[in-house]
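Inspection log for the structure reproduced underneath, given as structure tokens.
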Amino acid sequence: MTINRPARPRALISLVPMIDVMLILLVFFMVTSTYLNLDMIPAVKPSEGSAASTQSPAGTLMIRLGADGVPVLRGTALDAETLRATLSAAVAEEPLTQVVILPSGAARTQALITVMDSAALAGVTRLRVLRLEAAP
């Protein structure tokens with residue numbers, strides 16, 4: 001007569017400790033890493049912007065970006081090529097020309113990026129984006 005023992009069930013490998021370790025590592029790397037350098041686009045405080053717009057020192061160009069995404073310089077709407085040529089001429093005349101972009105709240109982000117890219121291709125090194133807030 002033989003005694004048959006039931007087979008011992010195999011131990012199940014739990015994935016919970018591994019998931020816990022992965023979540024801890026994920027949080028650690030998210031906290032310690034830097035994703036964006038927020039100083040890439042210098043912004044002007046509203047108080048500085050109002051003073052700068054009233055004085056308008058020589059060597060400063062203000063580009064207004066309308067809700068339709070068309071850049072306006074000195075009251076004239078410009079396309080991308082004309083804007084780049086105008087900015088290139090201004091930089092050739094005064095290398096430290098500052099360009100201030102005033103986007104409308106309804107303007108698309110892509111229009112702002114296009115203007116910034118045109119300014120960079122024109123050789124502008126001093127570029128600011130000005131955001132106006134309504135008074136309370």
Side-chain angles (χ1 to χ4, degrees):
M1 168 167 231
T2 61
I3 299 176
N4 291 333
R5 291 187 179 180
R8 180 181 273 181
R10 295 177 54 166
L12 296 176
I13 298 174
S14 177
L15 294 179
V16 174
M18 183 185 73
I19 293 171
D20 290 343
V21 169
M22 294 302 291
L23 285 175
I24 290 171
L25 288 173
L26 176 68
V27 170
F28 173 77
F29 287 121
M30 286 176 58
V31 170
T32 60
S33 63
T34 303
Y35 291 99
L36 283 179
N37 182 3
L38 296 179
D39 294 329
M40 292 185 316
I41 304 173
V44 176
K45 293 181 183 176
S47 60
E48 295 176 35
S50 61
S53 62
T54 57
Q55 294 173 356
S56 186
T60 300
L61 297 174
M62 179 175 274
I63 300 172
R64 295 187 56 103
L65 191 60
D68 54 356
V70 176
V72 177
L73 179 65
R74 297 183 184 128
T76 306
L78 303 171
D79 62 347
E81 289 300 319
T82 308
L83 178 65
R84 186 179 304 150
T86 304
L87 292 176
S88 295
V91 169
E93 182 179 320
E94 175 67 37
L96 294 178
T97 299
Q98 179 176 346
V99 176
V100 178
I101 302 173
L102 179 63
S104 166
R108 299 189 64 176
T109 306
Q110 182 60 49
L112 174 63
I113 298 299
T114 302
V115 171
M116 291 173 65
D117 189 42
S118 295
L121 291 174
V124 174
T125 56
R126 298 176 65 201
L127 180 67
R128 292 184 178 263
V129 177
L130 181 66
R131 182 178 141 222
L132 297 179
E133 296 179 7

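Side chains included, hydrogens not; waters and symmetry mates left out as well; all remaining heavy atoms used.
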Is there a path of hydrophobic side-chain contacts, each under 4.5 Å between heavy atoms of I/L/V/M/F/W/Y residues, joining L127 to L65?
yes
Can you name the nearest heavy-atom pair linking T125 to P95, along with the distance?
OG1-O, 4.3 Å
Smallest heavy-atom separation, S104 atom then A67 atom, equals CB-N, 3.8 Å
Membership question, hydrophobic clusters at under 4.5 Å side-chain separation (ILVMFWY): are V91 and L73 in the same one?
yes
State yes or no: do V129 and L83 share one hydrophobic cluster built from I, L, V, M, F, W and Y residues joined by side-chain heavy-atom distances below 4.5 Å, directly or via other members?
yes
In this structure, CG of L87 is separated from OG1 of T97 (nearest 0.5 Å) by 9.0 Å
Pairs in or reaching into residues 84-93: which pass salt bridge (charged side-chain N to carboxylate O under 4.0 Å, His left out), with residues at least two apart or in two chains?
E81-R84
Would you name the heavy atoms of A77 and V70 that are closest together and state the gap between them?
CB-CG1, 3.7 Å
Walk me through it: do R74 and L61 pass the test side-chain contact (heavy atoms from CB on, under 4.5 Å)?
CA-CA 8 Å; R74 297 183 184 128; L61 297 174; 2.8 Å; yes
Under 3.5 Å donor-acceptor pairs involving side-chain atoms of residues 5-19, not counting sequence neighbours:
unit_1: S14; atom_1: OG; unit_2: V16; atom_2: N; d: 3.4

When you measure from the side chain of R128 to the backbone N and O of V100, does any donor-acceptor pair fall under 3.5 Å?
no
Expected list for residues 108-118: side-chain donor-acceptor pairs under 3.5 angstrom, two or more places apart:
unit_1: Q110; atom_1: NE2; unit_2: T114; atom_2: OG1; d: 3.4
unit_1: T114; atom_1: OG1; unit_2: Q110; atom_2: O; d: 2.8
unit_1: S118; atom_1: OG; unit_2: T114; atom_2: O; d: 3.1

